[in-house]
Amino acid sequence: MRWSNAVMQRIAGSQLVPGRPLVHFVRDPELLRRLSNDFGKKQSGLEKEIHKLAGEDFNIGSPKQLGDILFGRMGVEGGRKTKTGAWSTDVDVLEEVAAQGHPIAQKVLEWRGLAKLRGTYTEALPGYINPKTGRVHTSYAMASTSTGRLASTDPNLQNIPVRTEEGRRIRQAFIAAKGNQLISADYSQIELRLLAHIANIPQLKKAFAENLDIHAMTASEIFGVPIKGMPAEVRRRAKAINFGIVYGISGFGLANQLGIPQSEASDYIKKYLARFPGIRDYMETTKEFARTHGFVETLFGRRIHIREINSKIPGFRGGAERAAINAPIQGSAADVIRRAMVRLPGALAEKKLSARMLLQVHDELIFEAPLKEIEPTRKLVSSVMEKAGL
DNA sequence: TCGGCAAGCCAC
DNA sequence: AAACGTGGCTTGCCGA
């Protein structure tokens, strides 16, 4: 059986009704208000310092003004232009400028972080509270991504901050109803596991079967370093390679990501592919399949069309080739979690458990469950999610 | 006032 | 020859 995205929508629609809220999240608006204040104060402090360092009161939120001041008036070296010819002021550029000894760059980065958290989250989320339910409700688009992932909008609850300490404080505003608790269950390394399976890589499959640290194992294979006592930096590089492989990496991209010379990055990739030759086979076979058929398939036979795969424009073609490599992996992961989502409400009902499925974040499901049912709910959710590929 | 684009950045 | 996949939201800016 072949599933197009449209069919997936009907199947999934038995649980997830398009256009209607699926998600019900209690919010703590008071905490968001406090965070907004807190972030705002830090922001105005930084604003004064930045204006002083720049010698003028410009709009920090305007990349154009910032770029002109840094690389024009202040004569900072080593700038880069965006495709429209304006000075780029993105994170990488500003970090480089900061490293050159211009304290203004670091201040601007901090200011931007706070502006982002305030503008996108702490200030915006309260406006989404439904007065009837007191909760924020998102909408899920079920057939709007090429790979079969869901997309969350109005508000997007799939990109709530988690990587920085300040960002994590925002998550504390998401709370369960009285007498309930949130349960989060996420697939561990689902895309790498799928890659190991789809490309049939014995070492990777074995490592996963034995529950080993996959990044450390990769590092050990590529760099010949024993896993025991491995420096964190070595593992970090292997982790970046693992992620990059799934995305159709290049030496340039990896070098950029790790801040190392391109020659070194290319060398890593070469070693990786020599160690796991099945990965190169998978990449070549997948590209060839896409060129011939115009689509690739997930593990469950759902097709993903790759329109530019035979394009004569190298940029388009290259992009299409990377998309073709990534789509079966990302798409199969999307299939697996959808299967779990379709099965879960019935499985919960059968066990007389009253947990509600609140959110999906690509490899993670979040539930709200009564305190007394936490343990059985955890067990059932894990079990259904683990068997979802079967 | 609205729309769209560019730049930037949040998540997986 | 280009350079790491999938998304959504905000601000600044410009033109209708």
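All of these numbers come straight from a predicted model, not from anything done at the bench. Labels below follow one simple rule: chain letters A, B, ... track the order of the sequence lines, proteins then strands, and each chain is numbered from 1.
The aromatic rings of Y247(A) and F243(A) sit tilted, their planes meeting at an angle between 30° and 60°.
Comparing dC9(B) with dA1(C), their P atoms are spaced 31 Å from each other, to the whole Å.
In this structure, CG of N159(A) is placed 14 Å from P of dG7(C), rounded to the nearest angstrom. Nucleotide dA1(C) holds its P atom 16 Å from the CZ atom of F252(A), rounded to whole Å. As rounded to whole Å, 6 Å separates atom P of dC12(B) from atom CZ of R171(A). For the pair D363(A) CG and dC12(B) C1', the computed distance is 6 Å after rounding to whole Å. The CD atom of E308(A) sits 14 Å away from the P atom of dG5(C) (whole-angstrom rounding). Between the CD atom of E321(A) and the P atom of dA3(C) there is a distance of 12 Å, rounded to whole Å. Y128(A) places its OH atom 13 Å from the P atom of dG8(C), with the value rounded to the nearest Å.
Checking side-chain atoms of R149(A) against main-chain N and O of Q330(A) turns up no donor-acceptor pair under 3.5 Å.
Applying the 4.0 Å criterion to OP1 and OP2 of dG8(B), one finds that S88(A) has a side-chain N or O inside that range.
Under the 3.5 Å distance criterion, with hydrogens and angles disregarded, no donor-acceptor pair is assigned to the side chains of K379(A) and S383(A).
Among the nucleotides dT10(C), dC12(B), dG5(C), the one closest to any side-chain atom of A124(A) is dT10(C). The side chain of Q262(A) sits closest to dA3(C) out of dC9(B), dA3(C), dC12(B). The side chain of V91(A) has dC9(B) as its nearest neighbour among dA1(C), dG8(C), dC9(B). Among dG5(C), dC12(B), dG7(C), the nucleotide with an atom closest to any side-chain atom of Q330(A) is dG5(C). Considering only side-chain atoms of S62(A), the nucleotide from dT6(C), dG12(C), dA11(B) that sits closest is dG12(C).
The residues R169(A) and E166(A) are annotated as not salt-bridged, no charged nitrogen and carboxylate oxygen being separated by less than 4.0 angstrom.
Across the interface with DNA chain C, nearest-nucleotide mapping of P155(A) and K64(A) shows P155(A) to be the residue nearer the 5′ end.
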